[in-house]
Amino acid sequence: MELNKIDTMISSEDPSRRRTAATLLAEIGGEDAYGRLELLLKDRNNGVRDAAQNAIVLLGGRQAIAMMLPLLSHNDPAIRNTAIDILRKIGIDGVDMLHELAKDADDNVRLFVLDILGSIGSHESVDILIEGLYDVNPNVRNAAVISLGELGDPRSFEHLKKLINDEEWIRFSVIESLARISHEGVVDFLIQELSRWSGDEITICAILETLGMIGSQAAVPPLLDLLQNTDQYVEFAVARTLLTIMSIDDIASLETQERQVLKDILDTCLPEADEELLYRILATLARIGDSQSALRIIELAGKVDPDSEAEKWEAIKSALNSVGSVDMMVDLLDRDERSVILGAEVLGSMGGQEEARQISKRVLSQQGYVKRAMTGALALIGGEGSRDTMLELLEDRDGHVIGAALKSLGDLGNPDDIEKIAQFLRHPYPDVKGMALEAIVRIGTAKAEECFTALTADSDPKIRIMALDGLQRLGSLNLGQICTYMLKDQDWEVRMVAVKTTRDAGLPIEEDLLVTLLNDEHDEICHPAIDIVGMRKITGLRSFLEDAVGSDDMWTSYHAIEALGKFGDERAKTSLLSILKGGQDFLRISAVKALGEWKDEDLVAELEVLLDDDNLDVARAAAEAIDRIQGVAF
């Protein structure tokens, strides 16, 4: 495009035309573009300025850098900031130009340049940045400190450490930057500074945080010594640093006295610790804690909501499972609701018959969440000693309690309990029904099979369906015979489950009965029957599949196509290839996938035609099918 047309766009009152001009200038490039982009960079419209900025970044180069440098002293802060952003992105091509400007008489320009050099991250800038550490302006010195931290070059260490005596805010920048300086003397220097700044808690905590970021084991001994004689504020900071540097195994291997001191501090830290530190403290106390730690953790638990703070609650329980005693947890069973829940859940994790006995003594008189927690804990512990309690808990009205009791009885595996458990197959809550079914299956034995077999004749079709499910899960030898009987059930849902079971379990089925199912008015029955014809390659019913391919119901056609694909012969190939030439794309894709399961290389030529199909899904399916045929599919 001619530049005069772009100039017309630049002078337009329409900001969208000026934005377009900036984009076009990026495409044209050359010297003529830069001056015009500089003009657009000062546009009154934010969108135009953004477009100009993007264009300059795309062009890049030393000419763009040279154009940006004077803007660092522009009186408009927005333009200065834009120039800074651009130079951060493209300045690598002109660091020498930036180095020269780092000596500018304007304090702000020097500050901006040193900041930009840190963002660029070129080690060619180390010497210039080190010079900046000695600038007369503290803001410039601080910018040099931060940028040297970004570079992490060890040459800067000897110079950086001198500024620890500078302004307080520069001192903190120095300490933070040292965390990224890979020099062997950093840790020793920071340890020495801990002693020198012993009266300044804020500086000490900043040093401790940096030592934690560095993570050197060399800092551990002096930090442990510091714990022996310091105030609580610093104690917490030291403990945090030690937990950051050391693994739990490292802490557990400390000398007894050192470990005890650290443990006592961690106990005290619990109420004030932020979430990240809290989890580390709990995990550490689980290893080195004692009864006093357990009491502190219990106090903490009183302020934690198990529902909204589930992760924290689990961490508390895990720690108590390690450091809490049975007596301590039993004592919680007679306190407030939250304490009872905590005690019950921890006792459940601890296991043991004494724990179970203590819970059994109390559970029947409880209500609500407490009863649920106690029942769950009792189920977790298990053992024959809790059987009578679980049978009594089946009389409860709470579905959660009943479900936990059913699971426990299933785990205990006493066949004498099946009759009572079977009553809950009629419970109004689906999850309770499911747990009752699972419990009977887990108990197994001839009694379980007798129970389910009897229920296949129940007047309630839902019970008959559950009975069939139970027999299948038991692997009953009579499953085929019972399925045949239930395939003729008056309830269509029972027939549906029976035909799916016949299909999935590979059970025998008479051809006449299968024909009846193929003509059932319910698709949910017809479709599994179609699947059976294909899976078993029943030649006598093949014509039904061929007719079903042309069904008005898409899903009937889909099942018929998949079933035909199982035959894998020329007749099936002819039928499936005819589908590819017309019909719904979904069915064409189904036919392609069915053919892709064959190992017939002759099909490749037929499928390659579809690689240019207008429907991308058809083309993709054809490509995948060819890969499978040729054995290169992933």
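As a basis for the values below, the full set of heavy atoms in this structure was taken, side chains included, without hydrogen atoms, waters or symmetry mates.
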Do Lys162 and Tyr134 have side chains that get closer than 4.5 Å, going by heavy atoms?
yes

Strictly below 4.0 Å, N to O, side chains only: are Asp336 and Arg338 in salt-bridge contact?
no

Determine whether a donor-acceptor pair (N or O, by modelled atom type, separation under 3.5 Å) exists between the side chain of Ser156 and the backbone of Gly152.
no

Carboxylate-amine/guanidinium contact Asp411 Lys407, below 4.0 Å:
yes

Just by distance, no angles: are the side chains of Asp327 and Ser325 close enough, under 3.5 Å, to form a donor-acceptor pair?
no

I'd like to check Leu148 versus His159 (side-chain heavy atoms, cut-off strictly below 4.5 Å). Are they in contact?
no

Stepwise side-chain contact (heavy atoms from CB on, under 4.5 Å) test for Gln53 and Ile86:
CA-CA 7 Å; Gln53 179 176 344; Ile86 291 172; 3.5 Å; yes

With distance as the sole test, does Asn81 use its side chain to make a donor-acceptor pair with the main-chain N or O of Pro77 at under 3.5 Å?
yes

With heavy-atom distances below 4.5 Å as the criterion, would you say the side chains of Ile265 and Gln232 are in contact?
no

Value rounded to 0.5 Å, distance of CE in Met374 from CD in Gln366
4.5 Å

Check whether Thr210 reaches the backbone of Ile175 with its side chain - one donor and one acceptor, N or O, closer than 3.5 Å.
yes

Separation between CD (Gln63) and CG (Asp93), nearest 0.5 Å, reads 13.0 Å

Carboxylate-amine/guanidinium contact Asp398 Arg372, below 4.0 Å
yes

Check: Asp305 main-chain N/O paired with Glu309 side-chain donor or acceptor under 3.5 Å
yes

Look at the side chain of Arg17 and the backbone N and O of Ser12, then say whether any donor-acceptor pair between them is shorter than 3.5 Å.
no

Within the 4.5 Å heavy-atom criterion, are Thr241 and Leu223 side-chain neighbours or not?
yes

To the closest 0.5 Å, what do you measure between CD1 (Ile341) and CG (Leu333)?
11.5 Å

Output yes when a side-chain donor or acceptor of Thr375 lies under 3.5 Å from a complementary backbone atom of Val401, and no otherwise.
no

Checking the side chain of Thr23 only, and the main-chain atoms of Arg19 only, is there a donor and an acceptor separated by less than 3.5 Å?
yes

Side chain of Ser318, backbone of Ala315: donor and acceptor closer than 3.5 Å?
no

Pair Arg171, Asp166 - check salt bridge (charged side-chain N to carboxylate O under 4.0 Å, His left out), show working.
CA-CA 6 Å; Arg171 181 194 317 149; Asp166 206 319; over 6 Å; no

Ser349 side chain reached by Lys317 side chain, heavy atoms, under 4.5 Å:
no

Would you call Asp331-Arg335 a salt bridge at under 4.0 Å N-O?
yes

Checking Leu211 against Leu194 for the side-chain contact (heavy atoms from CB on, under 4.5 Å) test, could you report, in this order, the C-alpha distance in whole Å, the side-chain angles of both residues, the deciding distance, and whether it holds?
CA-CA 11 Å; Leu211 286 170; Leu194 276 177; 4.1 Å; yes

Between Arg280 and Asp274 (salt bridge meaning N to carboxylate O under 4.0 Å), is one present in this structure?
no

Could you check Asn108, Asp107, Asn142 and say which one makes a side chain to side chain donor-acceptor pair (under 3.5 Å) with Asn137?
Asp107

What's the separation between atom OG1 in Thr82 and atom CG in Asn46, rounded to the nearest 0.5 Å?
9.0 Å

Glu272 and Lys303 ion-paired at < 4.0 Å:
no

Sorted by chain and number, sequence neighbours left out, salt bridge (charged side-chain N to carboxylate O under 4.0 Å, His left out) with Glu275 holds for Lys312

Checking Arg80 against Asp85 for the salt bridge (charged side-chain N to carboxylate O under 4.0 Å, His left out) test, could you report, in this order, the C-alpha distance in whole Å, the side-chain angles of both residues, the deciding distance, and whether it holds?
CA-CA 9 Å; Arg80 289 201 306 270; Asp85 287 341; over 6 Å; no

How far does CG of Leu300 sit from CG of Leu278, to the nearest 0.5 angstrom?
5.5 Å

Do Leu270 and Leu285 have side-chain heavy atoms sitting under 4.5 Å apart?
yes

salt_bridge(Arg362, Asp334) N-O dist < 4.0 Å
yes

Flag side-chain contact, heavy atom, 4.5 Å: Arg196 against Ile164:
yes

Check whether Ser408 reaches the backbone of Ala404 with its side chain - one donor and one acceptor, N or O, closer than 3.5 Å.
no

Using a strict 4.0 Å threshold on nitrogen-to-oxygen distance, state whether Lys42 and Asp76 make a salt bridge.
no

Taking Arg259 first and then Asp264, would you say they form a salt bridge - that is, a charged N and a carboxylate O separated by under 4.0 Å?
no

To the nearest 0.5 Å, what is the distance between CG (Leu266) and CD1 (Ile251)?
7.0 Å

Under 3.5 Å, side chain of Ser73 to main-chain N/O of Pro70, donor-acceptor pair present?
yes

Does a donor on one side chain sit under 3.5 Å from an acceptor on the other, for Asp267 and Ser293?
yes

